[in-house]
Structures are given as C-alpha cells and as structure tokens.
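Working notes, beginning with the structure itself.
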Amino acid sequence: MSVLKVDHLCVDYRSRAGHIRLVDDISFDIQPNKTLAIVGESGCGKSMTALAMMRLLPDGATITKGVITLEGDSLTDLPEAQMRDIRGASMSMIFQEPMTSLNPVFSVGEQIAEVLRLHTDLDKQQIREKVQALIRSVGISDAGQRSSAYPHELSGGMRQRIMIAMALACSPKVLIADEPTTALDVTVQAQIFSLLRDLQARTSTAIVLITHDMGVVAEMADDIIVMYAGRLAERGSVETVLSRPAHPYTRGLIDCVPHLQLGSNISHKSVTEIPGVVPALETIGAGCPFASRCGLSEERCEAAMPELSEVRPSHQVACWNYQET
Amino acid sequence: MIDQALLTVQDLEVEFASKGALGRNKHVVKAVNGVSFSINKGDTFGIVGESGSGKTTTALAIMRLVKATKGKVSLGDMVLTDLHGEALRRARRQFQMVFQDPFSSLNPRLRARDVVAEPLAMLDRSNKDNARELEEVFAQVGLRPEQMDLFPHQFSGGQRQRIALARALVTRPELIVCDEPVSALDVAIQAQILNLLKRIQRDLDVTYLFISHDLGVVQYICDWIAVMYLGQIVEVAPRASLFSYPLHPYTLSLLSAVPSASPGTKAWKAITLKGEPPSLINLPTGCIFADRCPVMQPECQKSPPALQELSDGRRVACHFVEEKEGTVQNTLTGGLEMINVLT
Amino acid sequence: MAAVESVTRSQSARRPGADAWEIYRQSPTAMLGLVLVLLISVLAIIGPLVYPVDPFEIIWAPMSAPGTTERALLGTDYLGRDILAGLLVGAKATLIVGLTAAALTVIIGLVIGALAGFYLGMIDEILMRVTEFFQVLPPLLFAMVLVTMLSPSLWVVAVSIGVVSWPPTARLARAEFLRIRNLEYVTASRASGVRQGYIIWRVILPNALPPLIVSATLTIGTAILFEAGLSFLGLSDPNVMSWGLMIGSGREYMLDAWWIVTLPGVMIFFAVLGVSLVGDGLNDAFNPKLRRR
C-alpha cells in the first residue's frame, strides 16, 4: 500500500516570455518505511517535483496536470487552508541549507515548539517535554541547553539535526529531503544518514530524497527515479538501476564522477564526460531532450520522445534503444 | 626527491584574531598550525580535509593572499614569504590560482577576453603578443575564439571555470593552486574540468596544489595527498598507499564516511565519528583528534604525537604507527579491513 | 551540440547593462519619470531659443492671470514680468544646480567612501569621523551659512548643496567597497598580480556603481528642492532666474495671484517627481534579483 502517489504530474511556468514545462508527466509512488531517490542535474526538475508535492511552488509555477494523493486523499485540489494543516504534520520537508531555512531571531527550541503548537493540542508543559524529547531523538545530548540556542550558534550539522527534529515533530507520513547533506562535510553526512535511517526504522516514515550524488543514492535509497529536463528518464530499484543502468544519462551520471575506491587494486579508468550542458527548457523540441548530449543518439531520438517502457520487472526506461526489446 | 621539489612549505602558520561579542574575549586562532610539505615539479599535490581544517587558508597563505604569521614558502629558488610590494606582484606570474565558485570569481563587468588578459597587465608586453597568447590559451581550455567577447553571465558554470583556468594559465605559471575547482559545478560537468586539468598538466607540465573535500576527486587527480584536521597535517602519503592502507585513524574515518556508488558491493561501512571537531580556540592538549578517535588510548590525551616520517617519505601523526622490517601499520586500527570492525 | 546551443542562444556580447535597460523599459512609472526629465531638459535647452523673452523685463500689467493676454500666455508676476519666460530660463538654473550638486556629492562621497572601504583601519577611522562631522551639521543651515559668507551666485549655491549632501553617498560607497573587496573576483585579481589602483578603480568601482548611480539620481531631486528652499529664503543669486526665486519673490502675492507661485511650484514638483521615478526605476533595473537569468 503506497502512502504517497504522484500520477502524471506536470508543472508549468508562465512568464511574459512564454510558458515552459518544468515537470513533464512524472509518476511514482512510495511505500512506508522506504526511501525514494530523485536524481538529476540542477535544472532537471527534481526540486520542482518536491515543491509540487508540498504545494509550495514558486510564483508563476503551477500544477497543470496530474494528481498527487497522500494516503488516498488528493492533495492537488485541496484548499490552501487544509494544505497548511498537512504541511509540517503528515508531510514535511528539509532543505539543503539549514541556516537559511531556520528563522534567525527565534531559538531553535521555540521554532520546534511552534510546529507542535500549530498541529497538535498539547499544552505548554507537554510541548516543552516533547521539544526536549525531539532534540534528544536527533542525537543532540544536552537538549535542555541546545533548545535555547539560536541558529547561528550551532554548526551546520547541528542545524540540520534541528531541521530534522522539526520535520519529524508531528510524525509525518512522508519526509521530503532536498539535498539534505550537500552543504555538510562527509563525516557529518554519515552522521545525518545514520540518524535518518534510525528514525525511519522507528517511525516508518517514507522518505523522498533529492540528490545528485549516486553514492548517496546507493547508501540511502531503495528506489530511484532519474529525471532529465523535467522528464522521467529511468525508474527502478536502486540495486538494478545502479548496477545495470539502461538510460545513457543514468550511466553518464554514474560514470562522470570519480568514485572513491579503497584497497590496493584501484582502477585508473578515466571518468567519462557527459558533453555539453542541460539544454534550456524552452528550446526542447519533440525529440528526446538528452539526444544532443547522448553518444548513442540516432535519427529517431531527435524526432520523437520515447515512451517509458519496461526493461525488466519494475525497471523502466525512456530510451529508444529499449523500445523493441 | 627534495632536490626536484618545486614548492616547499616549511612550518607555515596563519593566525587570526577572533573578537568575541563587544570586542571582548579576544582570541588568537591558529587556522594553519605548522604545516610543512613539498611538491615535485609536474605533480599534483592534494590537501583534503573538512570545513575548518585550514586547507583553503593554507592555499591562500601560499598565494600570499592572507598573511602567514610564521614559516617559509619557496617556489623554486624564490622565497615567496620574503617578497613584498612590486617584487611580489611581478613574481605572481609564476603562481596562479583557480577558485571554487566560477560564478563569483569572474568580474561580471569584463568580457571573457579581458578577464583572461588581466594577469598579462604585469608583463609589459605589446597588445599583439597578448592577442596571440589569448587565442592560444582559449584553445587550450577548450573555448572558441568567438567566445572571447562574451560576458561571464553568458557562460555556463563549466565554461566559466574554463575561463578561470585560462586566466590562471595565461602567464604560463609553474604552479597553479586549485581551490575546490569542481565542487561548485554540476556533477556532469565536474568530469569535463577534471579531465581538462589532467590534459593541461600532461601538455604543459604544470604543477598543481589541489584543495578539495571530495576524496573521490582527490584520488582521481592527485599524486600525493595531505590530510588536514584542525589546521594541522595528520597524514601525508602517495596516492596508492593512502587509499590502500590509511595509517591515521582520522584518514580511515574520513575514507569510510564516503558513500560508495555500487549498492550491495560496498566493502566498508561508515565509521560514525562522535560529535564535531573541537573549536580552534581551545584545542585539546594531547592529540587533536583524541576526542573523536574511535580507538583513543589514555596516552593520546596526554601528549600530542609528532608527525613522524616513514621510509617511503610518507608522514603520519599518530602514536601507534610502527614500521617493522619494511612494513608499516597502525597497531590500533590495522588496515582497511578493520573499518567494519570499528563501526 | 548543447554547448553550441547555449552560446548561439546568447550569441551577441550583451553588456550587463543591456538587461538593466530591458527591465527599466518595462516599468511604466520609470518611463514616465524619464519622459518628465527629458521634457524639462528640452525646455531648459531649447525653450529660451524658441521663446526669447527676458524674464526680468517688465512686459505687461502686473499680476495678469494666465490666458488674459497674448503677450504673456502664463500671466505676469507682481512686477509685470513674463512667467513663461521665467519658467523656461529658470529650468536651466534649476538643472545646473541639481546636476552640479549631485556630481559633487558623488565625487566627494565616492572618493571618501572608496578609500575608507578599501583601506580600512586608520584611514577608515579618520574619513568616517570626518563624514560624521558633516552628517551632524544641519544641512540647510550650513548651506545658508556658506551662501551668506560667500557671494550668493548660482555656483556657490550648487557647491554648498553638494558639500552638505555627500555623507550618505560616502557611507553607501564605503559599504559597497567593503562588500565587494571580499568577493572572490577581487581576490582573483589580486592573485593574478594587478596593481592596487587598478583593483580600486577598475575592478571594484564599476561593480559598486549601480547603487551609487541611483543615489546620485535621487540627490538631483534633493538638490533641486534645496535650491528652491535657499532661493525662497532669498539666499540665491537675484540676477539669475530660477523657480525657487520666482516662488520666493512672489510669496507675498500668493492669495491675490495664485499663478505666480503655483506655476514654478508645479515645475519643481514635476522635476523632482521625474528624477525620483528615474532613480526608482534604475534601482529596480540594477537589482540582480529582478533580472532575467
């Protein structure tokens, strides 16, 4: 039983210059206790998809097609007031830069308490206890002292822990994490990941993890969707997609980064470049948007966008090379 | 080895005075504390460390962009730390720098041509010579001549970093200091720049000092690697040795924390370090890593270990590294296979 | 290839300023301001040539209302002088004072602010104390003292307005220099070995200019008001016609002949409104957050 279902989601951006499709026909669902990774370069629409799920799209961007359902209830046509009750309660989000997403003029304890006041009927005393418990639950030892600290007094890792405590305050069904460790050091990243894994095991929260790092995907996620220029390129379980990537873009994303190898027999293979850059969305024509950068590009790739098709059970790819088989 | 060293850094120290609230509680913080290393000509020397480790400050001090409070930096026969004013300005053609963020390191009001030509201003040459030089260097970094007239905001991140590299190359320096040159770029673009750096080194025999927090990148591009923690070098080793048998427990933890991109086959688990690095204001009296070390011994908190040199030129600052009959090992951590035991 | 595409998309080398103009053009109020300013400039330059009447010459009966005589379309003042001629000639004086004062403000403010913000330390301390000294002087009073001590000519008025209004510009310039001197491209210039003077004037200054241009534009408005104020108090050159002088000399007849003070007042209003709207428009146009990517 999936907790969150995204069905044929399209997000359009309208401006004086015209209109652009930022997210084009994206579908996926996610089970409790599982982690789904959304992967792609910047500008591929992964953050827009996340913001659409929270109904927090920036001005000018709107959901034009598709349905998002949380435990069977549609979020897409919910009035804003009811959506506010869902945000921070059954669905919450953490961001890349925990400094800018915390309010600098309130203590972190106060900010966690605010979430509880909004979404629960707890009294003052209960809230105070719950705040302390939450701060302890994200691995901060001196909770009493830390709760009265202001964001700038804490390190980046600490702040991200506080963001996680805030996001988990009302035991959400879904946690959306947008590049949660990109701004952090590797050892702190390892701490945050082990914290997220522990919390997930305890609360069965479904996690949507937005990242560009295949290492993070391998470490944290069960399923993966790869997006390119707003469209779905590939979808499947992390194990299959990373070991047998079907889309040339997925393969490119894996091979373009020098991955750390330990041991005495290290391969000295060069990293392969994906040439060029993501095309501007307004210039994309009818064909596959990756065709201009793809080594396997043929005539039909330029002519039409391939449909999503099955490579093997629960592994789909949108690439002409897999259309016949 | 020593006789062919291009850059030699001896006992470098950089102090910052940090003021507390209302100007009280003045502290002197050693952002770089006794760093020594040397780089051979044509090599790439990497410095890795986490934020606050002092790796960027080390680079800036070598570039003479922050003031070194102690120590000596020499490039070939030139003692950089003794140069001042006009002499320093003229010497800069020998050592140039590429910065982390190509969106902020290029003057937005100059055309690409003028950005790259900026360092040529000190060479007192004719514009015609410069024009030839510019065309050559643009070609070397993979940009087309007609792109010279564009402004930085018209380029993508990867192209901007190519412009930054062209600016560093145009005076034909012997040393280029690269401070996280790919970490602000999109994943797919990083490989383009890394391979370009490698190709330029092969073609022009330039030496790199490469600062990074990304161990995968460092392994890919560096011949020698220094690991810094809290302003000090804890381990320096050639690439092959560092990644096959890291000797310092911090190096081991750092390596173990990097996620691997092959699911199911990851040979190691992350050693989760306790807490966060202590503040530079009150460093521990013993080993600086003792508080967080997964194998800390009582001795570690009493005396700081020296950076001892081993037979292959490798150096490590840990009490428990031993060299016996040609093999070195850390008696507490063993080798890589110990990672999974320690987690 | 996508790489090729991204270049062809922006093939022409557009200066960063081209985008600013694009944004400026899209704001109706900014364009209105520009039209007002251009209109007044045209009046000041061409007006006296097309309508060559001496504004000090008595041409008709005093205090004739506008439209009552063909000799003076906008009426006459209390001495029988042509108001239209006064407005046209006065525009020049007003603009000269406004522009000179604004230029002086920017030059003093920029040099002091730039040196303080770049060198910091002792130089900064001294220059900022000097700035504070000028900032705490009551500006109108100080300008009055200057004008009274020297001769009340147009240039003295312009200079005294400039001398009292530079401190905010200096603070702004200092803040911009402080911000920009720590940006990476300035460090990059230092690392590449260019001279210090080049860094101050060729690297930092062009990037610090946009907010300074905005503040200079707004200073023109303030200077025009200042000039009007000084003239109203009888402290400007009585031999040079200006809008402020017209109001100042006609103030006693305000109730009997509204047009004597109202018409130059309306001109001042439109002039100040014009430059303020232009300043506002420039502020938006230079704001990188509003700029298209």
Side-chain angles (χ1 to χ4, degrees), chain A residues 39-44 139 141 155-158 181 183-191 193-195 212-221 237-243 249 252-266 268-278 293, chain B residues 48-53 156-159 186-196 198 213-221 239-241 243-246 250 253-277 292 335-337 339 343:
Chain A
V39 182
E41 286 170 89
S42 48
C44 70
S141 47
S155 67
M158 253 344 160
T181 56
L184 304 176
D185 283 319
V186 272
T187 57
V188 183
Q189 168 172 288
Q191 291 173 347
F193 283 162
S194 89
L195 170 68
H212 61 270
D213 187 335
M214 287 298 189
V216 168
V217 173
E219 190 99 331
M220 286 294 291
S237 77
V238 166
E239 220 144 294
T240 17
V241 172
L242 291 202
S243 53
Y249 181 59
L253 278 182
I254 297 171
D255 291 343
C256 72
V257 179
H259 296 286
L260 179 68
Q261 311 167 59
L262 297 185
S264 41
N265 42 1
I266 292 162
H268 292 284
K269 202 176 70 178
S270 285
V271 290
T272 32
E273 303 171 15
I274 304 178
V277 291
V278 185
R293 302 171 76 188
Chain B
V48 285
E50 300 183 275
S51 42
S53 63
S156 66
Q159 288 172 322
D186 236 319
V187 268
I189 308 301
Q190 295 190 3
Q192 297 176 7
I193 299 297
L194 289 175
N195 288 340
L196 176 65
K198 279 187 151 189
H213 70 278
D214 186 328
L215 288 147
V217 167
V218 163
Q219 179 177 47
Y220 184 63
I221 203 159
R239 169 173 43 197
S241 347
F243 294 104
S244 53
Y245 53 108
Y250 177 64
S253 316
L254 201 58
L255 293 179
S256 79
V258 179
S260 144
S262 38
T265 62
K266 182 170 170 176
W268 69 89
K269 285 198 288 187
I271 299 175
T272 312
L273 290 177
K274 288 170 290 195
E276 302 187 358
R292 306 177 73 205
L336 274 174
E337 66 283 357
I339 290 183
T343 53

So does [Y] get a backbone contact from the side chain of [X], meaning a donor-acceptor N/O pair under 3.5 Å?
| X | Y | answer |
| --- | --- | --- |
| Asp213(A) | Gly215(A) | yes |
| His213(B) | Val186(A) | no |
| Gln219(B) | Gln261(A) | yes |
| Gln191(A) | Leu273(B) | yes |
| Gln192(B) | Ile274(A) | yes |

With chain B, which of Ala190(A), Gly43(A), Cys256(A), Pro258(A) has the greatest number of heavy-atom pairs at distances under 4.5 Å? Pro258(A)
Highest number of heavy-atom pairs under 4.5 Å with chain B: which of Gly252(A), Ser155(A), Ser194(A), Gly157(A)? Ser155(A)
Select one option (side chain, backbone, both, neither) describing which atoms of Gln189(A) are under 4.5 Å from chain B's heavy atoms. side chain
Under a 4.5 Å heavy-atom cut-off, does chain B meet the side chain of Met158(A), its backbone, both or neither? both
Considering only heavy atoms, which portion of Leu194(B) lies under 4.5 Å from any heavy atom of chain A: side chain, backbone, both, or neither? side chain
